[in-house]
There are 2 protein chains.
Amino acid sequence: MRTPDDLTALFRANQLKVTPQRLAVFEALHGDDTHPTAEVVHARVRERMPTVSLRTVYQALNDLVDLGEVRAVSVDNGAVRFDPNNSGHDHFVCRDCGRVSDVTASRPRLVAATGGEVLDEGYTVDTSEIIFRGRCAACNA
Amino acid sequence: MRTPDDLTALFRANQLKVTPQRLAVFEALHGDDTHPTAEVVHARVRERMPTVSLRTVYQALNDLVDLGEVRAVSVDNGAVRFDPNNSGHDHFVCRDCGRVSDVTASRPRLVAATGGEVLDEGYTVDTSEIIFRGRCAACNA
DNA sequence: ACACAATCAACAAGCTTTGTTGACTACCTC
DNA sequence: GAGGTAGTCAACAAAGCTTGTTGATTGTGT
Ligand SMILES: [Mn+2]
Ligand SMILES: [Mn+2]
Ligand SMILES: [Zn+2]
Ligand SMILES: [Zn+2]
């Protein structure tokens, strides 16, 4: 995700108005590597702007996702987590505390379809996400 | 997932009764590689037993997951999909039709934590799941 | 200054999954 | 075979997350 200033320009270029609420979401997410849910972002924003609604936070987050600035990460089937780090990286999820950490992994190679049919040229692979699961250092101690 | 016969023995060994409803879920899932949701399994079961409730299907599926016979696959944040194939494999999700296909991929190696802190010995990695996204052959044609 | 996008509050509703309750059924064990 | 108990059913309710709505108000961009 770019800086709040750059996002301001980007939003305007896409006919999206830059409101104080949206700016607060930009700032709440900027440099964050904890993969917060919308609720968490909402709480963070409300510390400075107590009247912002959860609905508005969802809208700003969805705009950021639509613009490709933020990744929506589904790590379980609870709430979606939002990730302002859009450089290629993967995730480690702790079974105990649920914390999601950024990790770097070797790119997997898709070898073949398993179901009998061979993976033919017709397939197009755009992206690959890896989720490692286990126990983090804090929970292992 | 084992055969319905083996599952019968397994369920009994775990003090779980083998009812016709559970047997129908076993059979609906046996050899299936389409990663159906609970709703889909329910519909399939009701073709033969019209009175089975969705609640009962969820219970049977959760029992199978708890026993490690079925994998619960979260590929987006819609409904969970159930996978009777518990041999190590990964998944390809078509952006267009949503179909989930089994694939084989090279095991990724976790290289390092990204956040600055080095991935130390304290971490324990149990499993890794890979999701490839793109377009399947049918949707590319 | 103006048009119109965005926000707010306050709910409602969709979707998936689980909980509940009371009556009834049938599986497993002895 | 009989009995204890787990399972099932119907029929809802409810939790949790996300999106929709509505009407009034604010404020952004040009
Ligand atoms: Mn991340
Ligand atoms: Mn599979
Ligand atoms: Zn942990
Ligand atoms: Zn497709």
Side-chain angles (χ1 to χ4, degrees), chain A residues 4-5 7-26 28 35-43 45-46 48-67 70-83 98 100, chain B residues 4-5 7-26 28 35-43 45-46 48-67 70-83 98 100:
Chain A
D5 277 355
L7 291 177
T8 296
L10 180 67
F11 265 53
R12 288 193 181 134
N14 282 80
Q15 288 82 45
L16 296 169
K17 294 184 176 172
V18 179
T19 63
Q21 293 86 350
R22 282 173 171 172
L23 213 47
V25 170
F26 298 168
H35 310 91
T37 63
E39 289 269 10
V40 172
V41 174
H42 184 215
V45 166
R46 273 209 298 199
R48 310 192 130 237
M49 298 185 58
T51 65
V52 179
S53 70
L54 178 59
R55 193 73 185 74
T56 295
V57 170
Y58 266 112
Q59 251 164 38
L61 291 171
N62 287 338
D63 288 336
L64 286 166
V65 170
D66 290 345
L67 291 171
V70 164
R71 268 168 67 185
V73 179
S74 289
V75 99
D76 49 28
N77 56 324
V80 173
R81 292 162 174 279
F82 295 90
D83 190 346
V100 179
Chain B
D5 276 356
L7 291 177
T8 295
L10 181 67
F11 266 53
R12 288 194 181 130
N14 283 80
Q15 289 84 42
L16 297 170
K17 293 184 177 171
V18 179
T19 63
Q21 293 86 348
R22 283 174 169 172
L23 213 47
V25 170
F26 297 170
H35 310 90
T37 63
E39 289 269 11
V40 171
V41 174
H42 184 216
V45 165
R46 272 210 298 199
R48 309 192 132 238
M49 298 186 57
T51 66
V52 179
S53 72
L54 178 60
R55 193 75 186 75
T56 295
V57 170
Y58 266 111
Q59 253 164 36
L61 291 170
N62 287 337
D63 288 336
L64 286 166
V65 170
D66 290 346
L67 292 171
V70 164
R71 267 169 67 186
V73 180
S74 289
V75 98
D76 49 28
N77 55 323
V80 173
R81 292 162 174 279
F82 294 90
D83 190 347
V100 179

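In what follows, chains carry the letters A, B, and so on, assigned in the order in which the sequence lines appear, proteins first and then strands, with residues in each chain numbered from 1. Computed from a prediction, not measured in an experiment: that's the story for all the values here.
If you measure from atom CE of B:M49 to atom C1' of D:dC9, you get 11 Å, rounded to the nearest angstrom. Distance, A:L23 CG to D:dT28 P: 10 Å, rounded to whole Å. Between B:R46 atom CZ and D:dC9 atom P there is a gap of 11 Å when expressed in whole angstrom units. Here C:dA5 presents its P atom at 14 Å from CG of A:D63, a figure rounded to the nearest Å. Atom CD of B:Q21 is separated from atom C1' of D:dC9 by 9 Å (rounded to the nearest Å). If you measure from atom NE2 of B:H42 to atom C1' of D:dC9, you get 11 Å, rounded to the nearest angstrom.
In this structure, the side chain to side chain donor-acceptor pair (under 3.5 Å) partners of A:S53, at least two apart in sequence or on a different chain, are A:T56. Evaluation of the side-chain contact (heavy atoms from CB on, under 4.5 Å) rule for B:R48 yields no partner, not counting sequence neighbours. In this view, B:F26 and B:F11 satisfy the ring-ring contact (aromatic ring centres under 6.0 Å, His included) rule, not counting sequence neighbours. Checked against ring-ring contact (aromatic ring centres under 6.0 Å, His included), B:Y58 has no partners two or more places apart in sequence or in another chain. For A:Q59, there are no side chain to side chain donor-acceptor pair (under 3.5 Å) partners at least two apart in sequence or on another chain. For B:S74, there are no side chain to side chain donor-acceptor pair (under 3.5 Å) partners, not counting sequence neighbours. Judged as a side-chain contact (heavy atoms from CB on, under 4.5 Å), and not counting sequence neighbours, the contacts of A:D5 are A:T3.
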Scoring nucleotides 13-20 of chain C by protein non-hydrogen atoms under 4.0 Å (B base, S sugar-phosphate only, - none) yields ---SSBB-
In the 5'-to-3' direction, what one-character label does each nucleotide of nucleotides 22-30 of chain C receive under the scheme B = base within less than 4.0 Å of a protein heavy atom, S = sugar-phosphate only, - = no such atom?
-> -----BS--
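Between its two ends, the helix from C:dA1-D:dT30 to C:dC30-D:dG1 turns its axis by 60°, counting five pairs per end and rounding to 10 degrees.
The list of salt bridge (Lys or Arg N to Asp or Glu O under 4.0 Å) pairs with a residue in residues 14-23 of chain A, not counting sequence neighbours, reads A:R22-A:D63.
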Contacts table for residues 36-43 of chain B: side-chain donor-acceptor under 3.5 angstrom, sequence neighbours left out:
{"from": "B:T37", "atom 1": "OG1", "to": "B:V40", "atom 2": "N", "distance (Å)": "3.3"}
{"from": "B:H42", "atom 1": "NE2", "to": "B:V52", "atom 2": "O", "distance (Å)": "2.8"}
{"from": "B:H42", "atom 1": "NE2", "to": "B:L54", "atom 2": "N", "distance (Å)": "3.3"}

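Checking side-chain atoms of B:H35 against main-chain N and O of B:V100 turns up a donor-acceptor pair under 3.5 Å. Under the 3.5 Å distance criterion, the side-chain polar atoms of A:N14 are left unmatched by any main-chain donor or acceptor of A:L16.
Close to C:dC8, at under 4.0 Å from its OP1 or OP2, lies a side-chain N or O of A:S53. Taking side-chain N and O atoms only, A:T56 has a distance below 4.0 Å to OP1 or OP2 of C:dC8.
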